[in-house]
**Q** 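Below is a structure I'd like to ask you about.
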Amino acid sequence: MFNQARNFKIDGGTFVSVSGRNGIDRLFDYTTPDAAHDSYVAESKASCLKGTRTQYIEDITAWTSSMNQIRKERMLWMYGPAGVGKSAVAKSCAETIAAHGMLGASFFFSRDNRVDDPSRFFTTIAHQIATTSIDYKSVLGTKVESNPNLLTKGLEVQFRELIIKPFLELESQNVPVSQRAVIIDGLDECNGDSPQTRIVELVGKSIAEYGSRVPLLWAFFSRPERHIDKVFSTLSKSPLFWQVELPVSRDYDSDIRLYLRHTLQLPSPSSDVIRSSSVGLETAWPSDKDLDTLVQMAAGLFIYTATVARFIMDPDALSPQRQLNDVLSFYSQLQLHSIHSGNQSTVTAELDAFYSMIMGRLPFIHLPAIQQILLTCHDFAQEKKRSSYQDTIYANSPIRFPAIHLGLTLQELENLLSRLRSVLRFKPLEKKSSFDRDPPWWPGSTRVLFYHASFMEFLLDQNRSKGYWIRDKHHYSALVVRGLQLWNDMYMLDGLPRDDKIQKIWELISVFPDESFTSTECLRFCDDLMNEYLGYGIFRWCGHSGRESEVLEQLRNADMTNIWRRKLRTNYVFETKGLPEDILADLRSNNAKRWKCLRSPGYAMPSLPKVAYPRSTAPVKQICAYMASVLFTSDAVYETELSDCGKLIHEVCKDPGCSDYIYSQITHYFSERIKVLVQAVKKLNTETMDDLHLMDYYSYEWHEYEHTHKFTRADQAITRAALSPWEDFFNLMEGENHRLTEAALCIVQRKRDGAFLPNQVPSCTRKLLEAYFESLFTLATIGLGSHAERVKAKLLDATEAYYAAELVFCPKRTLLSNLNHVADRVLEERGNARSLSYPSSTIPDVLRGHWEEMYAKFEELLDTSDDSSCRHFKNIWEIARCSPDAAACIKATFKAHVKKDILDAIDKTIGNSGSSLESPNLPCILLDLKQQQTKKTDVVFGATGWETRKEFRSIADRAFDEISDELRERT
């Protein structure tokens with residue numbers, strides 16, 4: 001705002017620092033915004049139709065009123081079976097209470113929408129309450145600022161520190177706080193039984209201890225699961241607890257009738273009546289008789305009613321009337337069967353029968369494929385919940401995974417599922433945070449969501465779904481066979497040049513990014529399919545398959561080591577009961593051959609007793625014993641202890657003799673540990689290992705060694721003592737033929753070619769390379785060995801040779817496509833260079849002879865700049881940054897364009913208004929033009945980082961100042 005301002009002063013005023021992030025901002029990072037009843041995600045949960053469930057809503061909202069003097073309870077539990085309408089009542093209550101200004105917070109758990117993390121429950125509640133109470137917000141913000149670690153604590157600490165204590169502190173200050181209600185829906189969908197009961201226990205205990213001193217009323221809505229019912233039953237005798245059952249009851253027939261009359265509306269406004277052909281009378285649709293039948297069908301279960309209504313109003317069906325006729329016919333047959341069999345049909349049985357009718361309408365030839373799609377959606381979500389990635393992976397698989405797996409296009413998959421619109425829907429993936437791995441712009445990122453859990457529960461229960469049961473072993477076998485075929489076909493493409501490989505993949509799989517995606521994005525798309533879907537899925541499906549001959553043949557032909565690499569590494573107990581012995585023997589052989597030396601018994605940490613911190617005047621042996629107890633223990637090594645060791649070394653080691661003794665003792669301890677590794681390697685034939693195995697072995701040992709002792713963060717003397725014996729281990733593995741170096745260069749080359757390198761431990765192939773290069777350059781920083789410079793030189797030579805051979809700038813592509821392709825490789829190499837510590841200075845060579853074309857295209861884009869050009873501007877700038885001359889030219893081109901833009905705008909403005917350069921309005925005109933230019937600069941470089949936008953803003957400001965000076969001289 002004050003850029004380039006001169007000769008001004010500010011009198012008075014209050015200056016507030018806005019530099020850091022306050023406690024409430026920090027708290028927000030640990031919340032789940034989608035949990036609120038009025039969030040965008042929660043729109044999928046309907047509230048009660050006006051005029052239905054009125055008694056429940058009125059009773060609960062009256063209970064939350066601060067004027068209420070009848071009910072003294074501070075905790076409510078409304079329970080009922082699946083599909084009875086608990087969420088609708090909860091949402092209606094939250095909306096009504098919020099409208100009255102009495103809502104403190106709401107948390108609507110939902111597994112489908114990933115709103116199920118218990119660690120974010122109390123943080124979310126606290127943040128929402130803070131938005132309704134300024135006093136509470138002030139106390140809470142101060143508390144979080146003083147101790148941000150509270151946000152990562154357990155449920156009890158979070159509840160006490162973030163919710164209870166702020167209210168007690170306000171009470172001690174005599175600050176009045178209005179009573180607020182907290183609405184929690186779907187507690188049974190919270191991730192884990194233990195957190196569900198713990199939340200109730202904590203809230204119940206606080207109410208018993210503090211009562212109205214904590215001015216919150218808690219309302220829980222859930223199924224009466226056994227563990228939830230048990231914990232609430234312990235509170236049932238308390239006068240502060242209130243529970244309400246929401247049963248399946250025919251008492252709600254009038255509500256269901258009202259809902260159906262409101263929902264079943266013919267598309268055309270003029271067609272909400274149907275003319276009777278026999279008597280010429282117009283009757284409402286559906287007729288009262290049909291409506292009575294639908295109400296009779298529902299038997300008090302709202303999910304049944306909602307599912308039937310969606311079925312009738314399916315937009316893909318021929319007509320609502322035909323759908324209604326099918327429903328009435330189905331119910332008539334169901335009743336007839338019930339009479340003949342003598343069995344009284346229950347509402348659950350009728351719901352199952354209706355789900356069976358929906359599945360029965362699917363074309364028989366497509367039924368297995370649809371069942372397998374539904375099975376992959378369920379199993380993928382379940383596998384991710386068990387994995388460590390449960391917070392970073394979408395809850396259900398994106399539809400591209402089952403589509404590619406079954407060889408379907410996205411449209412074909414949606415067509416297959418279109419007849420299930422009454423029970424499921426498609427939802428585009430939205431970008432939530434940097435932790436989301438799946439970009440929403442990838443094709444097929446849409447997810448399948450079910451309107452209600454009862455449909456999937458039906459499909460998973462063989463007794464209920466019978467022929468529509470999705471967990472049949474034949475479905476798993478089909479998934480295994482197709483998955484292994486796809487896996488093998490993808491791996492056979494390794495070794496092809498990058499662009500050729502992408503072209504082959506495009507021909508192989510049914511869903512793939514188009515030409516607007518860079519090669520890196522395309523390869524990441526495939527890596528996601530291989531590692532996040534097939535890598536998990538094949539293992540799981542195999543365990544449930546029927547092991548037919550076709551399955552066994554595919555298993556024998558597949559590279560099982562790559563598929564189950566992570567499992568082999570950790571001595572995983574295979575879920576492979578019933579597999580032939582030859583397949584199991586091969587797996588065990590690979591496991592023993594490749595990983596038998598890792599974590600060998602002799603590698604165990606010595607059990608040294610803890611020694612108290614000695615004075616610098618203590619005997620040298622005591623000081624050595626203290627350092628050994630810090631550096632060589634199975635306990636965690638803390639930074640403060642490492643710092644203490646460094647201080648002792650500097651204080652004690654002024655005497656050269658003393659210094660040599662301490663150094664030799666520390667080196668001896670490290671050497672003893674390395675001896676175990678050296679002996680293991682001598683017994684191991686590393687020549688039989690491929691590049692990945694060799695690098696994995698070395699990187700794993702380095703990771704364990706450095707992570708355990710943290711010597712790279714210690715005093716240089718300790719670092720040297722640790723690395724001296726490690727150099728012997730490195731030389732042994734490197735060998736005379738530089739085996740490790742060649743393996744590293746080979747992996748870099750394979751990464752550049754887009755090879756499907758399986759995930760590794762510590763976590764990925766880049767981590768392997770990072771660990772290797774980190775060890776080299778750590779050795780180099782303290783003067784040990786000349787390996788680093790030799791490897792760096794070889795890597796640069798290999799990089800130059802690679803880009804000299806690859807046709808990065810292809811004549812067949814358009815100029816913009818070529819620039820996008822080059823920028824993609826620049827960013828990839830820059831990332832490699834940053835993580836592997838070598839200079840990225842070879843990419844600009846591929847643009848030799850094309851720089852002027854790029855400058856001209858940049859200027860052309862400036863003339864037509866809009867939001868769609870942001871990506872091109874970003875790519876051109878990424879390329880230009882590789883060369884100081886190119887960067888300077890881009891900046892000069894941009895500055896000249898800005899000056900031309902401003903001068904043209906001045907001439908046009910003055911010409912239109914009849915003013916002149918001497919006009920008193922000229923300063924205002926210039927200020928408007930400057931603001932417009934700032935906005936345009938932000939648009940042009942909108943896809944770049946803030947620093948880049950700031951730099952080009954500054955260039956635009958300088959151009960504006962130069963024009964202003966010229967105009968002043970002319971006037």
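None of these values were measured; they are calculated from a predicted model.
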**Q** Under the ring-ring contact (aromatic ring centres under 6.0 Å, His included) rule, collect the residues that match up with Phe525, sequence neighbours excluded.
**A** Trp442, Phe512

**Q** In the structure I gave you, are the side-chain heavy atoms of Tyr533 and Asp528 within less than 4.5 Å of one another anywhere?
**A**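 No, every pair of side-chain atoms sits at 4.5 Å or beyond.
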
**Q** Could you please spell out the steps behind the ring pair (Phe, Tyr, Trp, His ring centres under 6.0 Å) verdict for Trp487 and Tyr491?
**A** CA-CA 6 Å; Trp487 182 278; Tyr491 259 97; 5.3 Å; yes

**Q** Looking only at heavy atoms, what is the nearest atom pair of Pro398 and Gly444, with distance?
**A**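 Closest approach of Pro398 to Gly444: CB-O, 3.2 Å.
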
**Q** Which pair of non-hydrogen atoms, one from Ala956 and one from Gln933, has the smallest distance, and what is that distance?
**A**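 Nearest heavy atoms, Ala956 then Gln933: CB-CG, 4.2 Å.
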
**Q** Between Arg498 and Ser519, which heavy-atom pair has the shortest distance, and what is it?
**A** NE-OG, 3.0 Å

**Q** So how far is it from Ser445 OG to Lys427 NZ, rounded to the nearest 0.5 Å?
**A**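 It is 13.5 Å, given to the nearest 0.5 Å.
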
**Q** Should Ile955 and Val898 count as side-chain neighbours, where that means a heavy-atom distance under 4.5 Å?
**A** no

**Q** Would you call Asp494 and Lys501 a salt bridge, taking side-chain N to carboxylate O under 4.0 Å as the test?
**A** yes

**Q** I want to know whether Phe858 and His872 have ring centres closer than 6.0 Å.
**A** no

**Q** Is the number of heavy atoms from other residues, nucleotides or ligands under 6.0 Å of Lys504 NZ greater than 12?
**A**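 Count not over threshold, so no.
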
**Q** Residues two or more places apart in sequence or in another chain: which of them pass side-chain hydrogen bond (donor to acceptor under 3.5 Å, both in side chains) with Asp500?
**A**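 Asp500: no side-chain hydrogen bond (donor to acceptor under 3.5 Å, both in side chains) contacts found.
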
**Q** Are Leu413 and Pro402 packed together at the side-chain level, in the sense that at least one heavy-atom pair is separated by less than 4.5 angstrom?
**A**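 When only atoms from C-beta onward are counted, Pro402 and Leu413 do touch, with a gap below 4.5 Å.
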
**Q** To the nearest 0.5 angstrom, please state how far the OG atom of Ser510 sits from the CG atom of Leu410.
**A** 7.5 Å

**Q** Would you say Asp527's side chain and Leu523's backbone share a donor-acceptor pair under 3.5 angstrom?
**A** no

**Q** Measure the shortest side-chain to side-chain distance between Ile963 and Phe960 over non-hydrogen atoms and say whether it is less than 4.5 angstrom.
**A** no

**Q** Please name all residues satisfying salt bridge (Lys or Arg N to Asp or Glu O under 4.0 Å) with Lys857, sequence neighbours left out, ordered by chain then number.
**A**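 Per chain and number, Lys857 pairs via salt bridge (Lys or Arg N to Asp or Glu O under 4.0 Å) with Glu860.
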
**Q** Under 3.5 Å, side chain of Glu412 to main-chain N/O of Thr409, donor-acceptor pair present?
**A** yes

**Q** What are the two closest non-hydrogen atoms of Leu534 and Gly483, and how far apart are they?
**A**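 That closest heavy-atom pairing would be CD2-CA, 4.0 Å.
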
**Q** Would you mind reporting whether Lys899 and Glu962 have side-chain heavy atoms less than 4.5 Å apart?
**A**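 Yes, close enough: below the 4.5 Å cut-off.
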
**Q** Go through the structure and list residues passing side-chain hydrogen bond (donor to acceptor under 3.5 Å, both in side chains) with Glu507, not counting sequence neighbours.
**A**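 Partners of Glu507 under the side-chain hydrogen bond (donor to acceptor under 3.5 Å, both in side chains) test: Gln503.
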
**Q** Roughly how far, to the nearest 0.5 Å, is CE of Met733 from CG of Leu740?
**A** 5.0 Å

**Q** Rounded to the nearest 0.5 Å, what's the gap from CG on Asp25 to CG on Asn22? Could you check?
**A** 4.0 Å

**Q** So which heavy atom on Cys522 is nearest to which on Pro513, and how close?
**A** SG-CB, 4.1 Å

**Q** Would you say the rings of Trp702 and Tyr698 are close, in the sense that their centroids are separated by under 6.0 Å?
**A**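 No, the ring centres sit 6.0 Å or more apart.
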
**Q** Is there a side-chain contact between Ile509 and Met490, using heavy atoms and a 4.5 Å cut-off?
**A**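 With C-beta onward as the side chain, the pair touches.
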
**Q** Please test Ser954 against Arg958 for side-chain hydrogen bond (donor to acceptor under 3.5 Å, both in side chains), starting from the C-alpha separation and ending with a verdict.
**A** CA-CA 6 Å; Ser954 178; Arg958 287 199 297 273; 3.0 Å; yes

**Q** Using the salt bridge (Lys or Arg N to Asp or Glu O under 4.0 Å) rule, pick out the option among Lys891, Lys895, Arg881 that qualifies with Glu951.
**A**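 Of the listed options, the one satisfying the test is Lys891.
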
**Q** What are the two closest non-hydrogen atoms of Ala880 and Ala886, and how far apart are they?
**A** O-CB, 3.7 Å

**Q** Between Lys930 and Asp957, is a side chain to side chain contact (heavy atoms under 4.5 Å, CB included) present by the stated rule, with each step listed?
**A** CA-CA 8 Å; Lys930 183 174 184 178; Asp957 287 344; 3.3 Å; yes

**Q** Considering the options Lys751, Arg739, Arg750, which one meets the salt bridge (Lys or Arg N to Asp or Glu O under 4.0 Å) requirement together with Asp691?
**A** Arg739

**Q** Can you sort out the partners of Lys950 under side chain to side chain contact (heavy atoms under 4.5 Å, CB included), two or more places apart, ordered by chain and number?
**A** Trp946, Glu947

**Q** Please identify each residue that fulfils side-chain hydrogen bond (donor to acceptor under 3.5 Å, both in side chains) with Asn415, with sequence neighbours left out.
**A** Gln411

**Q** Mind running salt bridge (Lys or Arg N to Asp or Glu O under 4.0 Å) on Lys900 and Glu859 for me, showing each step along the way?
**A** CA-CA 12 Å; Lys900 178 178 177 298; Glu859 191 166 13; over 6 Å; no

**Q** Can we say Lys794 and Glu789 salt-bridge, meaning some charged N sits less than 4.0 Å from an Asp/Glu carboxylate O?
**A** no

**Q** Would Tyr855 and Ile876 count as a side chain to side chain contact (heavy atoms under 4.5 Å, CB included) if you check the C-alpha gap in whole Å, the side-chain angles of each, and the deciding distance to 0.1 Å?
**A** CA-CA 9 Å; Tyr855 303 147; Ile876 290 174; over 6 Å; no

**Q** How about Glu414 and Ile399: do any of their side-chain heavy atoms sit closer than 4.5 Å?
**A** yes

**Q** Can you see whether Arg949 engages Thr934 through a side-chain donor-acceptor pair at a distance of less than 3.5 angstrom?
**A**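 The criterion, which ignores hydrogens and geometry beyond distance, is not satisfied for Thr934 and Arg949.
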
**Q** Could you check whether any side-chain heavy atom of Arg400 comes within less than 4.5 Å of a side-chain heavy atom of Leu529, counting everything from C-beta outward?
**A**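 Of all side-chain heavy-atom pairs linking Leu529 with Arg400, none is under 4.5 Å.
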
**Q** Give a yes-or-no answer on whether the side chains of Thr937 and Arg953 include a donor-acceptor pair shorter than 3.5 Å.
**A**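 No.
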
**Q** What's the separation between atom CD1 in Ile505 and atom SG in Cys526, rounded to the nearest 0.5 Å?
**A** 4.0 Å

